[in-house]
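Not measured: the values here are computed from a predicted model. Atom set for the values below is all heavy atoms of this structure, side chains included, hydrogens, waters and symmetry mates excluded.
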Amino acid sequence: MAALSKSIPHNCYEIGHTWHPSCRVSFLQITWAALEESLKIYAPLYLIAAVLRKRKPEYYLYKLFPEILQSASFLTANGALYITFFCVLRKLLGKFYSWTPGFGAALPASYVAILIERKSRRGLLTIYMANLVLLFCITAAMYMFFFRCKDGLKGFTFSALRFIVGKEEIPTHSYSPETAYAKVEQKRERHKGKPRGMNIIALVRTLVDSICKHGPRHRCCKHYEDNCISYCIKGFIRMFSVGYLIQCCLRVPSAFRHLFTEPSRLLSLFYNKENFQLGAFLGSFVSIYKGTSCFLRWIRNLDDELHAIVAGFLAGVSMMFYKSTTISMYLASKLVETMYFKGIAAGKVPYFPQADTIIYSISTAICFHAAVMEVHNLRPSYWKFLLRLTKGRFALMNRKALDVFGTGASREFNNFIPKLDPRYTVVTPELPIDFS
């Protein structure tokens, strides 16, 4: 562990913003890079969320862009304020200690940044140290249990899960089975005699219906239009299509950027491996969850909320198709947040007004510290995210000079030494460059 009393005399240019000697210019460059990447992240995220929530046109006109800008400003501030406090601490202390380049600069930056974000999005974050698939399985099990419990989930989380797994898995329907059968028959009568469009969706539906026409359905199952087999197959097809289309939409900006220079890259928009991975993840999650739920209804002869724990856990294995630390950790943090507030409502957990802000700040500061001093102990996905946020500048830090603190800071960088201008350095550069 690095000794806290050790220090090095280098200035912030020699250690941090090695690509430019000016603190002000470096701040502007990091801010612009972070803002650009933040908008790429939050714009499609909020747009998809608005569609899932079935927002009214007024939302798209007056609220969508301000919400995108607010969240993008939060993420931008996290990066921009980090480099700001990095330089401020060096000027105040006159040197660098083992804690200042990472934790010391990131803690105040993260705290100020999270205050910019909407309070409803300040989820409790955890350090990236858990097993990804197992964590997602546990998280999915608890989410599905709360989804099936009365008043278990509300707002966007409930709406998103209802869209993904369907309202048939909600145990508290407002209509009886007899009413549901009547609605199905009315629907069939309306469509009877009408010419059926021979598009791809109609053909797939016809094929699935013909395969599963005579399949069984348990009396406790609420998917009245389908038997259990077709219910699972249709669930897979539907969410596979959603996942595939989402990933295609996310790749549109980068694909059209090369429309005239490399037209052949447009094909990757439709035949990219990631498109099918996200589709397989969503499709298998839904089909495994629905299939397990139906199976448990058959063997236990009842419909129970506890089935959702087993079905959700098994469905979590679908993360094997699309291993995303971001998705897994975000859902886990939101689950902790949900359980925390349920504990408060039940009077069993004390309420700490700044708990989410403090935990976020400390967690992010630890991750930033690892990114500076111990990259080998940081999750690769988080390191790649930091590189995207700074357009690769995080890798240009002079970690060779930080090796004196004993953390092996330069271990993953092949002894990289930045090209520094001697006119702006305190310590003579190890590899002086002729700027004349």
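- Considering every non-hydrogen atom in both Phe285 and Ala140, the closest pair reads CE1-CB, 3.8 Å.
- Geometric assessment of Lys290 against the ring of Tyr231 yields a positive cation-pi assignment under the 6.0 Å and 45° thresholds.
- Closest approach of Thr292 to Ile288, counting heavy atoms only: OG1-O, 2.7 Å.
- Judged by distance alone, with hydrogens and angles left aside, the side-chain atoms of Ser287 form a donor-acceptor pair with the main-chain N or O of Ser284 at under 3.5 Å.
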With side-chain contact (heavy atoms from CB on, under 4.5 Å) as the test, would you mind laying out the steps for Gln247 and Tyr322 before giving the verdict? CA-CA 12 Å; Gln247 198 66 41; Tyr322 192 79; 3.6 Å; yes

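- In this structure, SG in Cys137 is found 8.0 Å from CG in Leu314, a value given to the nearest 0.5 Å.
- For Phe413, the CZ atom counts as densely surrounded, since its 6.0 Å shell holds more than 12 non-hydrogen atoms of other residues, nucleotides or ligands.
- Considering all non-hydrogen atoms of both residues, Ile309 and Phe145 come closest at CG1-CB, 3.6 Å.
- In this structure the side chain of Leu278 never reaches within 4.5 angstrom of the side chain of Tyr244, judged on heavy atoms.
- Between the side chain of Ser230 and the backbone N or O of Asn227 there is at least one donor-acceptor pair closer than 3.5 Å.
- The OG atom of Ser159 sits 10.0 Å away from atom CG of Leu153, with the distance rounded to the nearest 0.5 Å.
- Arg399 contributes atom CZ, which lies 9.0 Å from atom CZ of Phe416 (distance to the nearest 0.5 angstrom).
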If you apply the rule side-chain contact (heavy atoms from CB on, under 4.5 Å), what do you find for Ile41 with Phe385, and how did you get there? CA-CA 11 Å; Ile41 293 172; Phe385 169 71; 3.7 Å; yes

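- Considering OG of Ser241 and CG of Leu282, their distance stands at 10.5 Å, rounded to 0.5 Å.
- Side chain of Tyr59 to backbone of Ala50: no donor-acceptor contact under 3.5 angstrom is found.
- Residues Tyr289 and Ala308 share a closest heavy-atom pair of OH-CB, 3.7 Å.
- Using a 4.5 Å heavy-atom threshold, the side chains of His369 and Val372 count as separate.
- Ion pairing of Asp304 with Arg300 is present here, as a side-chain N (NZ or NE/NH1/NH2) and a carboxylate O approach within less than 4.0 Å.
- Considering only heavy atoms from C-beta on, Tyr97 comes within 4.5 Å of Thr100 through its side chain.
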Distance-only check: which donor-acceptor pairs under 3.5 Å involve side-chain atoms of residues 76-85, not counting sequence neighbours?
residue, atom, partner, partner atom, Å
Thr76, OG1, Leu35, N, 3.4
Thr76, OG1, Ser38, OG, 3.4
Thr76, OG1, Ala72, O, 2.7
Asn78, OD1, Tyr360, OH, 2.4
Asn78, ND2, Ser110, OG, 3.4
Tyr82, OH, Pro101, O, 2.4
Thr84, OG1, Ala80, O, 2.9

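- Classification of the His17-Trp19 ring pair by plane angle, with boundaries at 30° and 60°, yields perpendicular.
- Under a 3.5 Å cut-off, the side chain of Glu37 and the backbone N or O of Thr390 do not form any donor-acceptor pair.
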Go through it in stages, so that I can follow the logic: the residues are Phe74 and Tyr42, the test is side-chain contact (heavy atoms from CB on, under 4.5 Å), and I'd like the CA-CA distance, side-chain angles, deciding distance and then a yes or no. CA-CA 11 Å; Phe74 143 70; Tyr42 283 109; 3.6 Å; yes

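- Smallest separation of non-hydrogen atoms from Thr18 and Leu396: OG1-O, 2.5 Å.
- No donor-acceptor pair under 3.5 Å is formed between the side chain of Thr407 and the backbone N or O of Glu374.
- Contact annotation: the side chain of Val51 never approaches that of Phe163 to less than 4.5 Å [non-hydrogen atoms, C-beta and beyond].
- Phe276 and Phe240 have tilted rings, their planes meeting at an angle from 30° to 60° on a 0 to 90° scale.
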Check the pair Ser410, Asp403 against side chain to side chain donor-acceptor pair (under 3.5 Å), reporting the backbone distance first and the verdict last. CA-CA 7 Å; Ser410 67; Asp403 280 341; 2.4 Å; yes

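- Within 6.0 Å of OH in Tyr60 there are more than 12 heavy atoms belonging to other residues, nucleotides or ligands.
- Taken from NZ in Lys63 to CD in Gln70, the straight-line distance is 12.5 Å, to the nearest 0.5 Å.
- Using a 4.5 Å heavy-atom threshold, the side chains of Arg148 and Asp303 count as touching.
- In terms of heavy atoms, Leu161 sits closest to Tyr143 at CD1-O, 4.2 Å.
- Phe147 has its ring centre less than 6.0 Å from the ring centre of Phe158.
- At a threshold of 4.5 Å between non-hydrogen side-chain atoms, the residues Arg297 and Leu302 do not count as touching.
- Geometrically, Lys342 engages Phe146 in a cation-pi contact defined by less than 6.0 Å to the ring centre and at most 45° from the axis.
- Put simply, the side chain of Ile114 does not reach to within 4.5 Å of the side chain of Thr364, judged on heavy atoms.
- Within the model, atoms CZ of Phe394 and CG of Leu386 stand 5.5 Å from one another, a figure rounded to the nearest 0.5 Å.
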In sequence, state the C-alpha distance, the side-chain angles, and the governing distance for Met239 and Val242, and then conclude on side-chain contact (heavy atoms from CB on, under 4.5 Å). CA-CA 5 Å; Met239 289 313 301; Val242 170; 4.0 Å; yes

Go through the steps for Phe27 and Phe86 under the test ring-ring contact (aromatic ring centres under 6.0 Å, His included), then give the verdict. CA-CA 10 Å; Phe27 165 78; Phe86 184 95; over 10 Å; no

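- In this structure the side chain of Val286 never reaches within 4.5 angstrom of the side chain of Arg238, judged on heavy atoms.
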